[in-house]
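Below is one structure, written out as C-alpha cells; the observations come after it.
Keep in mind it's a predicted model, so treat the numbers as computed, not measured.
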Amino acid sequence: NPPYITQSEKTQMKANVLDFEPKLALFVDDQNPLQFYNAIADFSIKNLKNNGKLYFEINENYGELTSVMLSEKGYGDIQLEKDFNKKPRMIRCGTKFD
C-alpha cells in the first residue's frame, strides 16, 4: 500500500506505529493525498489486462474522492468496502476495455 496518512493526521497515530514504521511509508502531503493512488491507477490502466483488478487499502477520509478519481480514469465496478469497524478502508475496481 502506498502512503495514505496525511501529515495533519500524524498526531492521531499511535507510538507503536510511529516508532517502527518509516515515515516515508506512512505519510502523504495534505495538499495531494491521492498522489500515489493517481500514479498507480495511471500505470495500472495501461498495464492491466482486460478485466484486470486493482485493490487499494485507503484512508477512510478519502474513499469517495478515490472512487471518483478511479471512475474518471476509466475504471469500472468500483466498490468501496468497510473494515470490521465499519470504516471505508478498501477499494476494488476493474478494467473493462471494448
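Between Pro88 and the choices Thr66, Leu80, Asn61, the side chain to side chain contact (heavy atoms under 4.5 Å, CB included) rule is met once, by Leu80.
Judged as a ring-ring contact (aromatic ring centres under 6.0 Å, His included), the pairs with a partner in residues 1-47 (not counting sequence neighbours) are, in order, Tyr37-Phe56.
By the side chain to side chain donor-acceptor pair (under 3.5 Å) test, Gln35 is found to be paired with no residue, residues two or more places apart in sequence or in another chain being considered. Every residue two or more places apart in sequence or in another chain was checked for a side chain to side chain donor-acceptor pair (under 3.5 Å) with Glu81, and none qualifies.
Of all heavy-atom pairs between Ile78 and Ser71, the closest is CD1-N, 3.4 Å. In terms of heavy-atom proximity, Asn32 sits nearest to Val28 at O-CG2, 3.6 Å. What you find for Asn38 and Met69 is that their closest heavy atoms are OD1-CG, 3.2 Å. In terms of heavy-atom proximity, Leu54 sits nearest to Leu70 at CD2-CD2, 4.3 Å. Taking both residues in full, the closest heavy atoms of Thr95 and Lys49 are given as OG1-O, 2.8 Å, listed atom of the first, atom of the second, then distance.
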Worksheet item: Run the side-chain contact (heavy atoms from CB on, under 4.5 Å) check on Glu60 and Asn85 step by step: do they pass?
Response: CA-CA 11 Å; Glu60 65 188 78; Asn85 289 317; over 6 Å; no

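Hydrophobic cluster membership is shared by Leu65 and Ile91, with clusters built from Ile, Leu, Val, Met, Phe, Trp and Tyr side chains linked at under 4.5 angstrom.
Within a 6.0 Å sphere centred on NZ of Lys87, other residues, nucleotides and ligands contribute 12 heavy atoms or fewer.
Asp42 contributes atom CG, which lies 11.0 Å from atom CG of Asn47 (distance to the nearest 0.5 angstrom). Once rounded to the nearest 0.5 Å, the distance linking CG of Leu26 with CG of Asn1 reads 11.0 Å. Considering CD1 of Ile45 and NZ of Lys73, their distance stands at 9.0 Å, rounded to 0.5 Å. Here NZ of Lys10 is found 4.5 Å from CD of Gln7. Values are rounded to the nearest 0.5 Å. Note that CE of Met90 is 9.0 Å distant from CD1 of Ile58, once rounded to the nearest 0.5 Å. Atoms CG and CE, on Asn16 and Met13 in that order, are 8.5 Å from each other to the nearest 0.5 Å.
Gln12 contributes no side-chain N or O that, together with a main-chain N or O of Glu9, makes up a donor-acceptor pair within less than 3.5 Å. A distance-only check finds no donor-acceptor pair linking the side chain of Asp83 to the backbone of Arg89 [under 3.5 Å].
Put simply, the side chain of Pro2 reaches to within 4.5 Å of the side chain of Ile40, judged on heavy atoms.
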